[in-house]
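Have a look at the structure below before the remarks.
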Amino acid sequence: MKTLSYINLIIAAVIAACCCYQVLYLLLRLRGAGRRFQAKSLGRFAVLIAARNEAAVIGQLIDSIKAQNYPAQLVDVFVVADNCTDNTAAVAASRGAVVWSRRNQTQVGKGYALEFLLGKIAQNYPHEKYDGFFVFDADNLLDPNYIAEMNKVFSNGCQVVTGYRNAKNFGDNWISAGYGMYFLRESEYLNRPRDFLNSSCGVSGTGFLFSAQLLEKVGGWHYFALTEDLEFTLDLICRGEKVAYCGSAILYDEQPTSFRQSVVQRARWMRGLMQIMGRNGKELVRAIICGGSFACYDMLVNSLASVLMGLGFILNVIMFAVGLVSHSMETGPVVLTALAALGGTYVGLYFTGLLVLLTEWRRIPCRPGRKLLYSFTYPFFMASFMAALAVAMAGSAEWKPIRHTVAVTLGDLNPPRR
C-alpha cells in the first residue's frame, strides 16, 4: 500500500512540477488575453485537401470554401483523391476543385498525399505565386470568415497559423463530445496563451496555414510519420519557428463516434508520438538545454505528461482490481489508495472539461442539457486514451482512414444561443 502511495505521489509531483506554468495559461485564457491583428494585405492561397473515399462530405467543405468572405480569385482549391475507390474525385471536381488521383499502396498516409499534391501544384502551376497553403481534411467545414481571419494573422508576418477547432457532431455521443472538448481545450487553453506569450502553438492535424516561403526554407514537405502534424510542429520549433493562433478562425471537424474507431485513431497518435520522439527526441532535448527553447519544453512536457499520467492510471486500475480479489491483510488499504487516486483524477478531468464547456458554451453546436451531461463523461473519454496507449505500445497501430458520414452544412451548425 505504501509503495502504491509513493508511486502516486511521485507521479503527481513530477507532473505538477513540470506543468505548473500552465496555471498561467489558465489565468490568461480566463482573462481573455490574446493578440489582435488587422490585415496588412490580401494573400493568395492554395487550399490542400487530402481525401480518401470522402464523397459523402468533401462537397460540403468545398462549398464552405467557395462561400468565404474573401476574394474568390485569391483562393484555389486542390484535392488529391488518395487511393479512392468511390467518386470522391468526381464530387470534388463538380464543386470547382482541381483534382489529381494518387495510387500508391506502399507510401500510405496524409503526409505522402500532401507531398504528392504540392508536387503536382509546382509542376502544373509553375507561374502561380501562392503566398501560403491551407491544409484541411475532407470532413471539415469553415466559418464564412475563416480565411479572412487567418489572413489577418498571416499578413502580419506569421509564417504558420492554426485556427479554432470545433466539432460539427459534438452532440452525437460521449466520444464525439470528448474529442470536441479535447480540441477546444487545445485551442483556447494551450494555443491562445502560447500565442499571447509569443511562444509556439501546436498544429493539430487540420485547419492550418503555412507560407510558401517557409516551405522552401524547410526543404519542401517531408513529414510522413503517423502523426505528420506533430512531426511538422516539432521540426518547426526546433528550427526556432513559431506557430501562431487565430481564435476567430472557426473550423468544424467531424469526430469519431465508435469507441473502437476512436481507440484505433488515438493509438495511431500515440504510436506516431513514439516514432517522432525516438527519431527527433535528442534534437528536442538539445533545443531545450542548449537553446533554452521554452516552446520545445512545452511540447515535450505536454506529450510526456499525458503518457506518465496514463501509466499511473493503468497502475491504479490494476492495483484496484488486484486488491478486490486478493485475500491478504493489505487488501483494504490498497483498494482505498487506488480508489482515491482514480477519484482525484476523475475530479480533476471533470473540472477541466466543465471549464472548457462554460467558456466555449455559445460556440458549441449542441443542446445545453447534453453539454452538461458530457462534462461528466469527459474524464472517461480521457481515461480511454489508456486503451489507445496499450494498443500503441503493443506496436499494432498503423495509418487507417477514418470513415466520415456527417454531411451537414453551416446552417445546420448554428449553436443554441442560451
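Residues take their numbers from the sequence shown, with the count starting at 1. All of these numbers come straight from a predicted model, not from anything done at the bench.
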Any side-chain heavy atom of [X] within less than 4.5 Å of one from [Y]?
{"X": "R239", "Y": "K217", "answer": "no"}
{"X": "L197", "Y": "L24", "answer": "yes"}
{"X": "I250", "Y": "R363", "answer": "yes"}
{"X": "Q213", "Y": "Q159", "answer": "yes"}
{"X": "L42", "Y": "Y70", "answer": "yes"}
{"X": "F381", "Y": "S262", "answer": "yes"}
{"X": "L190", "Y": "Q22", "answer": "yes"}
{"X": "V91", "Y": "D86", "answer": "no"}

Rounded distance (nearest 0.5 Å) linking atom [atom1] of [X] with atom [atom2] of [Y]:
{"X": "R102", "Y": "R52", "atom1": "CZ", "atom2": "CZ", "result": "9.5 Å"}
{"X": "L357", "Y": "R185", "atom1": "CG", "atom2": "CZ", "result": "13.0 Å"}
{"X": "I147", "Y": "C246", "atom1": "CD1", "atom2": "SG", "result": "12.0 Å"}
{"X": "Q255", "Y": "N166", "atom1": "CD", "atom2": "CG", "result": "9.5 Å"}
{"X": "Y374", "Y": "I175", "atom1": "OH", "atom2": "CD1", "result": "10.0 Å"}
{"X": "C296", "Y": "I289", "atom1": "SG", "atom2": "CD1", "result": "11.0 Å"}

Worksheet item: Any Lys/Arg nitrogen of R44 or D76 sitting under 4.0 Å from an Asp/Glu carboxylate oxygen of the other?
Response: yes

Discussion item. If the threshold is 4.0 Å, N to carboxylate O, is there a salt bridge linking E283 and R286?
Written reply: no

Provide the closest heavy-atom pair for [X] versus [Y] in the form atom of the first, atom of the second, distance.
{"X": "F183", "Y": "S204", "answer": "CE2-OG, 3.4 Å"}
{"X": "M299", "Y": "S200", "answer": "CE-O, 3.5 Å"}
{"X": "A167", "Y": "P365", "answer": "O-CG, 3.3 Å"}
{"X": "S187", "Y": "G163", "answer": "OG-O, 3.9 Å"}
{"X": "G272", "Y": "L226", "answer": "CA-CB, 3.9 Å"}
{"X": "G220", "Y": "Y223", "answer": "O-CE1, 4.4 Å"}

Item to complete: Show the numbers, then the answer: is there a side chain to side chain contact (heavy atoms under 4.5 Å, CB included) between D298 and I237?
Response: CA-CA 10 Å; D298 186 19; I237 62 176; over 6 Å; no

N/O donor-acceptor pair under 3.5 Å between [X] side chain and [Y] backbone:
{"X": "K242", "Y": "N198", "value": "yes"}
{"X": "N156", "Y": "Q38", "value": "yes"}
{"X": "T88", "Y": "E54", "value": "yes"}
{"X": "D172", "Y": "T257", "value": "no"}
{"X": "N151", "Y": "G43", "value": "yes"}
{"X": "K110", "Y": "D137", "value": "no"}
{"X": "S199", "Y": "R194", "value": "no"}
{"X": "S176", "Y": "N169", "value": "yes"}
{"X": "D131", "Y": "S211", "value": "no"}
{"X": "E231", "Y": "I276", "value": "no"}

Is it the case that [X] and [Y] place a side-chain donor and acceptor less than 3.5 Å from each other?
{"X": "N140", "Y": "T206", "answer": "yes"}
{"X": "N191", "Y": "D195", "answer": "no"}
{"X": "Q105", "Y": "N83", "answer": "yes"}
{"X": "Y189", "Y": "T352", "answer": "no"}
{"X": "Y179", "Y": "D253", "answer": "no"}
{"X": "D229", "Y": "T227", "answer": "no"}

Item to complete: Please state whether the rings of F224 and Y112 are parallel, tilted or perpendicular, taking 30° and 60° as the class boundaries.
Response: parallel

Worksheet item: Aromatic rings Y346 and Y350: how do their planes relate, parallel, tilted or perpendicular, breaks at 30° and 60°?
Response: parallel

Worksheet entry | Qualifying residue for ring pair (Phe, Tyr, Trp, His ring centres under 6.0 Å) with F45, from F134, F136, F133, F210 | F134

Discussion item. Quick one, I65 with I49, criterion side chain to side chain contact (heavy atoms under 4.5 Å, CB included). Give me CA distance, side-chain angles, the key distance, then yes/no.
Written reply: CA-CA 11 Å; I65 295 170; I49 306 171; 4.2 Å; yes

Worksheet item: Pick one: which of R192, E188, E360 meets side-chain hydrogen bond (donor to acceptor under 3.5 Å, both in side chains) with Y164?
Response: E360

Discussion item. Determine whether the aromatic ring centres of residues W221 and F232 are separated by less than 6.0 angstrom.
Written reply: yes

Fill in: From CA spacing to verdict: side chain to side chain contact (heavy atoms under 4.5 Å, CB included), F170, R370
CA-CA 9 Å; F170 189 100; R370 281 184 171 268; over 6 Å; no

Item to complete: Apply side chain to side chain contact (heavy atoms under 4.5 Å, CB included) to the pair R271 and R268, showing each step before the final yes or no.
Response: CA-CA 5 Å; R271 191 68 180 169; R268 174 175 61 81; 5.6 Å; no

Discussion item. What verdict does the ring pair (Phe, Tyr, Trp, His ring centres under 6.0 Å) test give for Y25 and Y21, after you've listed the backbone C-alpha separation in whole Å, the side-chain angles of each residue and the deciding distance to 0.1 Å?
Written reply: CA-CA 7 Å; Y25 283 8; Y21 68 91; 5.3 Å; yes

